[in-house]
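One structure is given below, encoded as structure tokens.
Only a predicted model underlies this, so the values are computations on that prediction, with no experimental measurement involved. Basis for what follows: all heavy atoms, side chains included, without hydrogens, waters or symmetry-related copies. Each chain gets a letter, A, B and so on, in the order its sequence line appears, and its residues count up from 1.
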Number of protein chains: 2
Amino acid sequence: MDQPHIEYVSGGRGEEQETRERILSAARQLMAQKGYKGATTRKISELAGVNEVTIFRHFKTKVAILEELLKDILEVREQLEQGLQGEFANVKEMLITYARTYYHLLVERKEILMICIVEADNHPEVVKLFSSLPMTAVEVLGNKLTEFQEQGHLPKSDPCTAALMFISTFFYAFMAKYRVGLDVPIIDDEEQLYEHASEILLQGIRRV
Amino acid sequence: MDQPHIEYVSGGRGEEQETRERILSAARQLMAQKGYKGATTRKISELAGVNEVTIFRHFKTKVAILEELLKDILEVREQLEQGLQGEFANVKEMLITYARTYYHLLVERKEILMICIVEADNHPEVVKLFSSLPMTAVEVLGNKLTEFQEQGHLPKSDPCTAALMFISTFFYAFMAKYRVGLDVPIIDDEEQLYEHASEILLQGIRRV
DNA sequence: GGAAAATGAAAGCAATTGCTTGCATGGCTT
DNA sequence: AAGCCATGCAAGCAATTGCTTTCATTTTCC
């Protein structure tokens, strides 16, 4: 009895993905697009390929679905710090790595982030969760920059604004691409953006 | 007959603000907070201090209210370019001025911007309007930077990423403050942020 | 094979919501 | 004084929506 009935094909239908997961996935997609109110349980059930009543067998209320979805944001800080674990050849390498980590983190959670942005005012839990995110990223980078300064790899200065500018760049790119649906080359070529932004943050545009 | 019945006190009540304006204002506020769907006509009427039926006497449908509100975004480009009209002592002054213009522009329209962000997926007109905004700001600044380069005040380089970073910073600050409700000193002291960000964009953090 | 678990199908209910209709009221203009 | 105009008030309607109940069916586990 080490492994009680985990892994079975969802009841009565020959599909692989668990019903519960399909519901969550559909809800995530719809809420991100249409907002919490716009994602009606009928629409969710349709997209999930499930009867509406099945939703309420898995989740007590509609809010419970939202709460379940929000759990994805919690371990952001650890992931960001983890991405900065190793040794770096120089500051620029560190910046590029951090940019990549952060941007991927945003893209991976794009639906939930959109839900947060859209529902920020309607659900207090969402605000609380979400508000921690933007500044966490700035903080973690700020700490790393300070570390580099103390090791003599960077001149001493207030790293806050620098971190803010760097993080902002990728958040903006993220929003432009995934929320507004903008399709501009400067944002589309991610690797180049990491590189250019790191260069500018270090050298400024006075010395190219 | 030069001036037909403009200026009268709103029908039957001793208040200054026109009914129509009060409705628009209430709708703007609610839609920004709760989204289009969350801003019910009942709530709008309450906040406006007006009977619900009055709303439909002024606007044919609820969507018509939204469309009216969106008109505020149209003249953004002109305003941005206008803020860059005069002569500047140096590049840094130009950047600070542009940052101030852009940030104020965002704050002045914060409700409508929130509506756009929240409703981007539900209303095609909104997407169209809104999608033009972020890159307009980047473009205008990019052009100005190119101009400075051609005048020999800046070394030649691709100004796109620089402009993107600069604009991003203030958009992020704007979102953090007005959407998420964050209250951090680095964002709260606007003038200092303009100054620091301009400095970093020009010199980088390698030479402070 | 048989019980239990999971799902589907149909119906519906109470609350909400965008919007309408009909009528009364009070101020403004002439 | 008279008529117009903007508004308030009460009622309501059709559609939507979150959620429930009942019953039949299929799948999984032992």
Set of residues satisfying salt bridge (Lys or Arg N to Asp or Glu O under 4.0 Å) with respect to A:K60, sequence neighbours excluded: none
By side-chain hydrogen bond (donor to acceptor under 3.5 Å, both in side chains) - contacts of B:E93 (at least two apart): none
Sub-4.5 Å side-chain heavy-atom contact between A:C160 and A:V138: no
Which residues share a side-chain hydrogen bond (donor to acceptor under 3.5 Å, both in side chains) with A:R109, sequence neighbours left out: A:E75, A:Q79
For residues 50-57 of chain B, tabulate all N or O donor-acceptor pairs below 3.5 Å that involve a side-chain atom, not counting sequence neighbours.
residue	atom	partner	partner atom	Å
B:N51	OD1	B:V53	N	3.0
B:E52	OE1	B:R42	NH1	2.6
B:E52	OE2	B:T41	OG1	2.8
B:E52	OE2	B:R42	NH1	3.0
B:T54	OG1	B:N51	O	3.4

Selection residues 130-139 of chain B - residue pairs positive for side chain to side chain donor-acceptor pair (under 3.5 Å), sequence neighbours left out: B:R77-B:E139
Whole angstrom value for the distance that separates P of D:dT28 from CD of A:E18: 12 Å
Nearest-angstrom distance from the residue atom CD of A:E21 to C1' of C:dT7: 17 Å
Nearest-Å distance for atom pair OH/P, residues B:Y36 and C:dG18: 7 Å
Residues that A:Y103 engages under ring pair (Phe, Tyr, Trp, His ring centres under 6.0 Å), provided they are two or more places apart: none
Spacing between A:R20 atom CZ and C:dA5 atom C1', to the nearest angstrom: 16 Å
Throw together a table of side-chain donor-acceptor distances under 3.5 angstrom for residues 26-40 of chain B, partners on residues two or more places apart or in other chains.
residue	atom	partner	partner atom	Å
B:Y36	OH	B:V63	N	3.2
B:T40	OG1	B:K43	N	3.1

Provide a list of protein-nucleic acid N or O atom pairs under 3.5 angstrom, restricted to nucleotides 15-17 of chain C.
residue	atom	partner	partner atom	Å
C:dT17	OP1	A:K37	NZ	3.3

Residue-level proximity of residues 51-61 of chain B to DNA chain D when a heavy atom falls under 4.0 Å: B:N51, B:V53, B:T54, B:R57, B:H58
